[in-house]
Amino acid sequence: MKKKIFSGVQPTGNLHLGNYLGAIKNFVALQEGNDCVYCVVDLHAITIKQDPKLLKSNTLETIATFLASGLDAKKNIIFNQSSVSAHSEFAWILNCVSRIGWMNRMTQFKEKAGNNKENASVGLYVYPTLMAADILLYDSTHVPVGDDQKQHLELTRDIAQKFNNDFNCDGFITVPEPLIQKEFSRIMSLKDGTKKMSKSDPSSQSIISLNDDKENIVSKIKKAKTDSLPLPSTKVELKDRPEAGNLLGIYSNLSENKIEKTLTEFKGKNFSYLKDQLSALIIEKICPIGEEIKKLLNDKNYLISVLNKGTERADLISSIKLKKIHEKMGFLS
Ligand code: AQP
């Protein structure tokens with residue numbers, strides 16, 4: 001059956017291998033035979049202070065990354081969140097449906113706010129209700145995300161169910177399913193296999209950026225943290241070896257092989273052999289995307305035209321749904 005897909009990426013710059021393997025690669029696979037909506041979530045980005053000039057260029061770069069990775073602008077709805085006002089309007093309604101206790105459990109807020117919670121933006125705290133609004137406005141049935149967003153998706157399901165209960169409209173808001181890869185769904189930092197690969201990591205050595213050139217990739221993989229043992233032959237042995245697990249997981253994901261096959265290929269070998277093979281594979285799969293991003297960024301008018309068309313289509317769908325939501329809530333229209 002055709003799925004209704006929704007997902008988003010923040011235009012916070014420096015998109016990396018984690019964003020690609022955890023999310024964008026799946027967006028591309030899902031575009032065949034499904035109705036897909038892919039959004040550059042700039043309203044989410046501003047939950048942490050952004051430089052307006054950079055936000056603009058990062059938004060274009062994110063669109064360019066979608067297209068360079070293989071998303072078809074005709075098949076999919078690709079647009080920018082702030083251009084479609086239904087997202088923030090519905091988010092406010094969902095702020096009133098959601099419970100403070102639910103928000104208090106969100107680990108992303110705790111991680112991003114750190115020790116300085118009092119100084120974090122209110123937007124960062126209610127980030128999950130905006131995410132729920134994005135997804136639920138399009139009656140999405142499935143949401144492809146990286147493993148780090150699993151908790152927010154579970155909350156989205158709770159919010160959808162509560163809305164349907166509160167307004168006595170069972171099935172009106174579709175309760176979406178997460179689409180998260182089963183294995184190695186979280187790509188880890190090259191400098192610490194227990195920490196997520198993250199755009200905001202202060203060390204550029206911890207991430208492979210989609211814009212990295214061959215020399216950068218070879219150098220970053222060469223310097224990636226390892227342990228002192230030869231590579232193992234079973235998944236069980238990977239449990240206490242986060243760096244080995246991460247590098248082998250990236251290799252498996254990029255080569256589209258199960259981890260068991262990758263383990264058989266590398267068992268007993270040392271890290272330098274794996275690193276050579278992995279660098280070559282990343283260069284083969286990622287560098288063409290980086291080159292295409294550069295090309296697309298030279299044609300800003302084209303990128304803006306893609307956004308404008310997507311905005312029109314997204315606006316139409318979401319405004320119809322929002323009108324129905326208003327009726328359920330008793331708003332006079
Ligand atoms: N390390 C990761 N492994 C797998 N998936 C990942 N994603 C992000 N990091 C990893 C997935 O990428 C999609 C878009 O992410 P985002 O840009 O919207 O936000 P994020 O999760 O906050 O990304 P970062 O890199 O961690 O940014 P910062 O440093 O700003 O917090 C999502 O589907 C996400 O799961």
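Numbering of residues begins at 1 and proceeds along the displayed sequence. Both ligands and their constituent atoms are indexed starting at 1 by order of listing.
The number of heavy atoms from other shown groups lying within 6.0 Å of NZ (K56) does not exceed 12. Around the NZ atom of K214, the shell of radius 6.0 Å holds no more than 12 heavy atoms that belong to other residues, nucleotides or ligands.
One option in S198, S185, G249, G13 has a heavy atom closer to atom 4 (C) of ligand 1 than any other, and that option is S185. When the heavy-atom distances from atom 11 (C) of ligand 1 to D148, N14, V145, I250 are ranked, the shortest goes to D148.
A salt bridge does not link E111 to K196: none of the charged side-chain nitrogens sits closer than 4.0 Å to a carboxylate oxygen. For K75 and E32, the salt-bridge test passes: some basic side-chain N is under 4.0 Å from an acidic carboxylate O.
Of the possible polar contacts, none joining the Q277 side chain to the K275 backbone as a donor-acceptor pair under 3.5 Å is found.
Atom 1 (N) of ligand 1 has its closest protein heavy atom at I187 O, 2.7 Å. Here the protein heavy atom with the shortest distance to atom 19 (O) of ligand 1 is Q10 NE2, 3.1 Å. Ranking protein heavy atoms by distance to atom 13 (C) of ligand 1, first place goes to A23 CB, 3.6 Å. Among all non-hydrogen protein atoms, the one lying nearest atom 16 (P) of ligand 1 is K199 NZ, 3.6 Å. In terms of protein heavy atoms, atom 5 (N) of ligand 1 is closest to G18 O, 3.2 Å. Protein heavy atom at the shortest distance from atom 22 (O) of ligand 1 is K112 NZ, 3.2 Å. Looking at atom 26 (O) of ligand 1, its nearest protein heavy atom turns out to be K196 NZ, 2.6 Å. For atom 14 (C) of ligand 1, the closest non-hydrogen atom on the protein side is N19 ND2, 3.6 Å.
Close approach of ligand 1 to M197 is summarised as follows: ligand atoms under 4.0 Å from at least one heavy atom of the residue are 1 (N), 2 (C), 9 (N). For ligand 1, the atoms closer than 4.0 angstrom to any heavy atom of G22 are 4 (C), 5 (N). Numbered from 1 in the order shown, with element, the atoms of ligand 1 that lie under 4.0 Å from a heavy atom of Q149 read 21 (O), 35 (O). Listed by atom number, the atoms of ligand 1 under 4.0 Å from R186 heavy atoms are 3 (N), 4 (C). The distance from ligand 1 to the heavy atoms of G146 drops below 4.0 Å at these ligand atoms: 5 (N), 33 (O), 34 (C), 35 (O).
Residue L137 holds its CG atom at 9.5 Å from CD of E89, rounded to the nearest 0.5 Å. Distance check, rounded to the nearest 0.5 Å: CD of E215 to OG of S279 gives 11.5 Å.
Note on ring orientation: taking the six-membered ring where Trp is involved, the planes of Y138 and H87 are tilted (angle from 30° to 60°).
A cation-pi arrangement is present between K328 and F172, with the terminal nitrogen or guanidinium carbon under 6.0 Å from the aromatic centre and inside a 45° cone about the axis.
Residue contacts with ligand 1 for H16 involve side-chain atoms from C-beta outward but no N, CA, C or O (heavy atoms, distance under 4.0 Å).
Distances between N or O atoms of V9 and those of ligand 1 include no value under 3.5 Å.
Aromatic pair Y251/F266: ring centres closer than 6.0 Å. Residues H152 and Y127 bring their aromatic ring centres within 6.0 Å.
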